[in-house]
Amino acid sequence: MTAFADQTCAALATVSGCDLQVPLVQGGTVRYANFDYAASAPALQQVTERIADLLPTYASVHRGAGYASHISTDCYEAARGSVARFLNAADDQVVVFTRNTTDSLNLLAACVPGDTVVLDVEHHANFLPWTRHGRRVVPIADTIEETIQRIVAELCTKPAALLAITGASNVTGELLPLERLAWIAHQCGTRILVDAAQLAPHRRIDLRTTGIDYLAFSGHKAYAPFGAGVLVGRRDWLDAAEPYLAGGGAVRSVTADGADWALAPQRHEAGSPNVLGVAALAKACDVLAELDEATVLEHEQYLTHRLRYGLKTVPGVNFLRIFRDSTDAVGIVAFTIDGFEPGRVAAYLSAEHGIGVRDGRFCAHPLLSRLGVDAALRASIGLGTTAADVDRLVDAVATLVEHGPNWDYANTEGHWNPVPETRPFADTDSGAAPCGF
Ligand SMILES: Cc1ncc(COP(=O)(O)O)c(C=O)c1O
């Protein structure tokens, strides 16, 4: 905590929207305080620059003879190397580009030759795809230790092909001991998949040393919001499975009667790929890999602690937590406030303070039910977050609890909005505040 233990903890990287001015319902504007990194993180400046550089040579991938096609193809294929280096992937692990984590997990679900064991804390993306393919749900206990014992019991009682587990909870940020879980799974003849949608943007992951067999994450949560995701994993299941999509690019040759399918990764990448999204994701991996790991961790932990300590002083604030014995979490703080509906609080923070948080059930309904809350607020932190942002959020929550909102809010079809709504909503083409760097 030393380097950041003052009032001026600044952003660690320049991200798009860091100077964004947003209108307030009571009039005037304020700098946007973004606490929604866990949903979609803003683009790193280097990612935006990379896309701008590539646009002139943007062309078809794998199929064109033109110069620009060569450049685009090289850039697309080189991106696999960036992702593999970022994760220290093993030699038999291939990098398949997808649309997002959900896509990656659905892809893998169709390749698994047997049952998949999951916990009931998962984001729906790592819960629903397995339903169709032999899903066995292990209910969590209130400690990580006891939960691991339940996983062991499940895997020992009946063989499973895969243990599909989240690296960091999208609700509370809590981390599971992945290396240990990989070891346990392997002892039982089971492979392990990590849903790293929340982990990869925050922590370095080493596939070789942890023994993780498959890993999925999304570019848009890792500072590359251009529509690409990734599945990295062992080749054999991916080569043996039916192609995820049938179409051009996934085949070696086609006759009137059938097709000779390519091996992974092309096997699962039919259709024209998202070359710019993939280039963005690769650039983000390169930039994140270059950042000093200890500094990133310190920045995030400092701000997370500051936020927690600040909110703790506000009467009625309750934090969500899954495991009694968890000791580490990424920069996500989920909470409720006694007497205040989360959606209304989120609307208030946005309308009166220019602060963006997430409210609801976070696509983790089983977990929220288990935690006994219908909905909550979630503030998530990233490389562009500052101490000033954190203090604004704490102050805004404290003001709400002490004085109530200064505006009226109404719930229409499940969404809270200020009444009257005075803020102009326009896209950037029609004059909304520009995103400056
Ligand atoms: C832990 C986790 N897994 C999976 C997903 C799904 O990611 P995407 O919407 O990018 O497919 C999310 C999204 O919030 C997530 O937090």
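Every number for a ligand or one of its atoms is a count from 1 in the order of the listing.
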Review point. Between the side chains of Glu421 and Tyr409, does any donor sit under 3.5 Å from an acceptor?
Key: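 Looking only at side-chain atoms, Tyr409 and Glu421 do not form any donor-acceptor pair under 3.5 Å.
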Quick one: nearest non-hydrogen protein atom to [atom], plus distance?
atom                    : result
atom 14 (O) of ligand 1 : Lys221 NZ, 2.6 Å
atom 16 (O) of ligand 1 : Gln198 NE2, 2.7 Å
atom 15 (C) of ligand 1 : His123 CD2, 3.3 Å

Point to revise | Nearest option to atom 6 (C) of ligand 1, as decided by whichever heavy atom of Thr102, Asn100, Asn106 sits closest | key: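 Nearest option to atom 6 (C) of ligand 1, by heavy atoms: Thr102.
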Review point. Has Asp195 got any heavy atom lying under 4.0 angstrom from an atom of ligand 1?
Key: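 Yes; Asp195 lies near enough to ligand 1 that a heavy-atom distance drops under 4.0 Å.
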Check your understanding: Does even one non-hydrogen atom of His220 get within less than 4.0 Å of ligand 1?
Key -> yes
Review point. Given Leu291 and Leu383, is the side-chain contact (heavy atoms from CB on, under 4.5 Å) satisfied, shown in steps?
Key: CA-CA 10 Å; Leu291 291 174; Leu383 296 173; 3.8 Å; yes
**Study point:** Heavy atoms of other groups near Glu242 CD, more than 12 under 6.0 Å
**Key:** no
Review point. Salt-bridged, Glu352 to Arg392, with N to O below 4.0 Å?
Key: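 So Glu352 does not pair with Arg392 through a salt bridge.
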Check your understanding: So, Lys158 and Asp115, do they make that salt bridge, N to O below 4.0 Å?
Key ->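 The answer is yes: the pair qualifies as a salt bridge.
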